[in-house]
Number of protein chains: 2
Amino acid sequence: MGKTNILGSFEHLVLLALVHLGEESYGVTVRQELEQKSGKTISIGAVYATLDRLEGKNLISSRHSGADPARGGKPRRHFKVLPAGELALARSRELLEKMWHGIDLNKERPTG
Amino acid sequence: MGKTNILGSFEHLVLLALVHLGEESYGVTVRQELEQKSGKTISIGAVYATLDRLEGKNLISSRHSGADPARGGKPRRHFKVLPAGELALARSRELLEKMWHGIDLNKERPTG
DNA sequence: AATCAATTTTACTTTGTAGAATAGAAATGG
DNA sequence: CCATTTCTATTCTACAAAGTAAAATTGATT
């Protein structure tokens, strides 16, 4: 059998955020997306650390874009999901679906 | 917003294996289930370490049962998913579904 | 130089993982 | 009957990878 090589749970979420955001994805928007969907506070450091790791594994790539006019601040680092990243996502999803299959958590809850 | 508190990816899988196995769940069967569904090799140490951690967080409980007759080996440690564990699973699932929503990975694949 | 937006760094905790060691029960053989 | 071997299962050890928060830094703009 192959070696285990599953996406970390946060990596998974970050990757999904990137796919969702498309062109709009850079550190700050990724964090926003994550906070919105999860309702939890996400530290920006956690986001960048994970982005760096995903890039290190060649699941995503990044490039710097010149700063937009009419905006303070430094230029943004934009991210793109690579084919390997999409594959990893698809695999994670398949495995989770396989494992969830046939499971109903509300099986024996009190009725009255 | 609340603090992040997401299941680790392997914790998630182990919890799902336990739910799936019900009464039959102990270290060795959990590992089997995981290997079957994932097609990957899972070390037994990884399984127990994770079970211990889940128990430490009160997401599951364990009890020892006397050894079955007609079977070599030592008595088994059986595991049960607690309500908090089911809740954690339900939450993970919801979040993932929310994040997957609207995403189609096959968007722009070459057709010919 | 003050301000703003964004990224990087630092330091640490928690999870994930493999492999060896140990333990309990039953079977075997003298 | 007792020592030893064999099974099955669990625990221990040691380290790598992922997750996280908070502070520091950078680059552009005013």
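Chain identifiers are assigned alphabetically (A, B, ...) following the order of the sequence lines, protein sequences preceding nucleic acid strands; residue numbering begins at 1 within each chain.
Within the structure, every side-chain polar atom (N or O) of B:Arg53 is placed at least 4.0 Å from both OP1 and OP2 of C:dT15. Within the 4.0 Å cut-off from OP1 or OP2 of C:dG16, at least one side-chain nitrogen or oxygen of B:Ser9 is found.
The interatomic distance linking A:Met1 (CE) with C:dT17 (C1') rounds to 16 Å, in whole Å. As rounded to whole Å, 14 Å separates atom C1' of D:dT11 from atom CZ of B:Arg31. Between the P atom of D:dT20 and the CG atom of B:Leu7 lies a distance of 11 Å, rounded to the nearest Å. Distance B:Leu51 CG to C:dT14 P: 19 Å, rounded to the nearest Å. Straight-line distance from the CD1 atom of A:Ile42 to the P atom of D:dA18: 18 Å, rounded to whole Å. The separation between A:Glu11 atom CD and D:dA17 atom C1' is 9 Å, rounded to whole Å. Here the C1' atom of nucleotide C:dA6 and the CD atom of A:Glu24 are 16 Å apart, to the nearest Å.
Looking only at side-chain heavy atoms (C-beta outward), B:Val81 and B:Leu59 stay at 4.5 Å or farther from each other.
Ring geometry for A:Trp100 versus B:His12: interplanar angle over 60°, hence perpendicular rather than tilted (30 to 60°).
Closest to the side chain of B:Ser43, out of C:dG16, C:dT17, D:dA18, is C:dT17. For B:His64, taking side-chain heavy atoms from C-beta onward, the closest of the listed nucleotides D:dT11, C:dT17, D:dA21 is D:dT11. Comparing C:dT15, D:dA23, D:dA9 against the side chain of A:Ile44 picks out D:dA23 as the nearest. The side chain of B:Tyr26 lies closest to D:dA9 when the candidates are C:dT15, D:dA9, D:dA18. Taking every side-chain heavy atom of B:Arg77 into account, D:dT11 is the closest of D:dT20, C:dT8, D:dT11. Of the candidates C:dG16, D:dT20, D:dT11, D:dT20 carries the atom nearest the A:Phe10 side chain, counting heavy atoms from C-beta on.
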Evaluate the side-chain hydrogen bond (donor to acceptor under 3.5 Å, both in side chains) criterion for residues B:Ser65 and B:Arg76: first the C-alpha distance (whole Å), next the side-chain angles of each, then the deciding distance (0.1 Å), finally the verdict.
CA-CA 6 Å; B:Ser65 65; B:Arg76 296 169 174 168; over 6 Å; no
Verify salt bridge (charged side-chain N to carboxylate O under 4.0 Å, His left out) between A:Glu94 and A:Lys98, making sure each step is shown before the conclusion.
CA-CA 6 Å; A:Glu94 275 164 34; A:Lys98 202 185 293 181; over 6 Å; no
Quick one: which protein N/O atoms are closer than 3.5 Å to N/O atoms of nucleotides 25-27 of chain D? Pair and distance per line, please.
from: D:dG27; atom 1: N2; to: A:Gly73; atom 2: N; distance (Å): 3.1
from: D:dG27; atom 1: N2; to: A:Lys74; atom 2: N; distance (Å): 3.4

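Nearest-nucleotide positions on DNA chain C for A:Val28 and B:His12 put A:Val28 closer to the 5' end.
No side-chain donor-acceptor contact under 3.5 Å links B:Glu24 to the backbone of B:Thr29. Looking at A:Thr50, its side chain never comes within 3.5 Å of a backbone N or O of A:Glu11 through a donor-acceptor pair.
Across all strands, B:Gly45 comes closer than 4.0 Å to base atoms (heavy-atom distances). Using a 4.0 Å heavy-atom cutoff across all strands shown, A:Lys40 reaches no nucleic acid atom at all.
One hydrophobic cluster, built from ILVMFWY side chains closer than 4.5 Å, cannot hold both A:Leu15 and A:Leu87; they sit in different ones. Side-chain heavy atoms closer than 4.5 Å link hydrophobic residues (I, L, V, M, F, W, Y) into clusters, and following such links, even through other members, never connects A:Leu21 to A:Leu82.
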